[in-house]
Amino acid sequence: MAAKRGPNPRPGILDIAPYVPGTSALPGAGKVIKLSSNETPLGPSPRAVEAYLAEAAHLSRYPDGSARPLREALAKRYGLDAARIVCGAGSDELLNLLAAAYLGPGDEAIYSEYGFLVYKIAILAHGATPIVAPERDLTADVDAILARVSDATRMVFIANPNNPTGTYLSFDAVKRLHAGLPEHVILVLDAAYAEYVRANDYEAGIELVATTQNTVMTRTFSKIYGLAALRLGWAYCPAPIADALNRIRGPFNITGPSIAAGVAALNDKKHMQDAVEHNTVWRGRIAEALERIGLRVTPSAANFLLVHFPRNSGKSARAADAYLHQHRIILRRVEEYGFPDALRMTVGTEDENRAVIEALSAFLDAA
Ligand SMILES: Cc1ncc(COP(=O)(O)O)c(C=O)c1O
């Protein structure tokens with residue numbers, strides 16, 4: 001692109017398609033059922049809210065610059081080394097910090113075909129080249145990723161489970177992927193939905209981070225902990241990678257109220273277990289109900305389901321989306337992920353789930 005007069009962003013920046021969050025509101029008054037952003041239907045732990053509010057008394061003070069109380073609580077909870085945890089304003093910030101520290105012009109970073117959109121943005125934002133590996137059965141394909149590793153590869157991003165498909169890679173598959181990567185390539189395991197997985201062959205990444213020099217696991221408080229508005233995430237890293245991230249992150253990148261709420265949320269184990277239980281039950285029931293009315297649902301390990309619609313005959317995903325909006329229900333269009341014929345539905349409360357099933361059933365009957 002020819003340079004315009006005046007300031008120009010670095011090469012790559014204008015190649016980025018801005019991230020467009022899902023619809024979050026509808027015109028008109030009245031309650032909306034919003035199942036478009038994989039937020040928890042149970043809300044945050046009341047203890048987290050209380051801890052957050054208590055911090056209002058200290059707003060003139062800078063927070064602990066390294067989020068130490070939160071890192072220590074995470075270390076205790078998961079049996080980790082607190083010095084190797086880096087907290088971020090959402091895992092989004094950590095994904096960007098990883099790209100900032102390790103990617104530049106001439107470098108390549110790989111993600112899979114239906115991988116989370118933020119990877120491409122982070123790669124392009126730092127002047128590197130995104131390389132897309134095709135998937136198999138809507139699941140990351142280890143061989144396809146390894147086949148795309150070149151001398152220029154510096155990073156591989158895997159969301160496990162992946163958004164928007166909900167599919168996951170077994171620990172064996174992740175280990176095979178890691179074993180095939182050169183030592184200088186960082187494997188980023190984005191485990192934003194790890195807490196929801198109920199599969200014996202899954203491991204979020206802690207073990208690989210502990211035993212290798214080039215694996216990073218990212219986690220979030222936005223999903224099961226219900227703190228999306230606070231923007232709170234964390235990464236578990238080999239010591240040299242934690243050191244690099246700490247050099248470039250903002251010196252006070254996590255707010256005091258976020259630190260306090262995060263610690264309290266971690267300590268409310270019952271709230272988290274209830275959320276897992278609710279999700280496991282309703283993920284299964286929704287999938288079953290939607291398949292019964294003739295929709296195909298990709299098996300999901302996370303807190304959402306990718307629901308596929310027929311392309312034609314008035315029953316398309318677009319038509320379903322419009323119909324649901326009329327009934328004040330918002331699911332996520334996933335066209336930009338490469339799924340023009342699907343909608344992503346977050347598991348909601350019992351009432352919300354029943355309302356969506358009923359509405360989709362009526363939609364298919366009417367179409
Ligand atoms: C796979 C994946 N990674 C990371 C994130 C970002 O989460 P956070 O709110 O921690 O930035 C999301 C949010 O939707 C996600 O789906």
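Indexing begins at 1, ligand by ligand and atom by atom, following the structure's order.
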Near ligand 1, which residues have a heavy atom under 4.0 Å away from one of its atoms?
Gly90, Ser91, Asp92, Phe116, Ala159, Asn163, Asp190, Ala192, Tyr193, Thr220, Ser222, Lys223, Arg231

Within the side chain of Ser36, is there an N or O that forms a donor-acceptor pair under 3.5 Å with the backbone of Arg332?
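Here the side-chain-to-backbone pair does not exist.
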
Please confirm whether the backbone N or O of His308 pairs with a side-chain atom of Asp341, one donor and one acceptor, at under 3.5 Å?
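No, Asp341 side chain to His308 backbone: no donor-acceptor pair under 3.5 Å.
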
In terms of side-chain geometry, is the basic nitrogen of [X] or [Y] positioned less than 4.0 Å from the acidic oxygen of its partner?
X: Arg354; Y: Asp351; answer: no
X: Glu93; Y: Arg249; answer: no
X: Arg68; Y: Glu72; answer: yes

Only one of Val356, Asp321, Leu35 clears side chain to side chain contact (heavy atoms under 4.5 Å, CB included) with Ile329; which?
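Exactly one pass, corresponding to Val356.
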
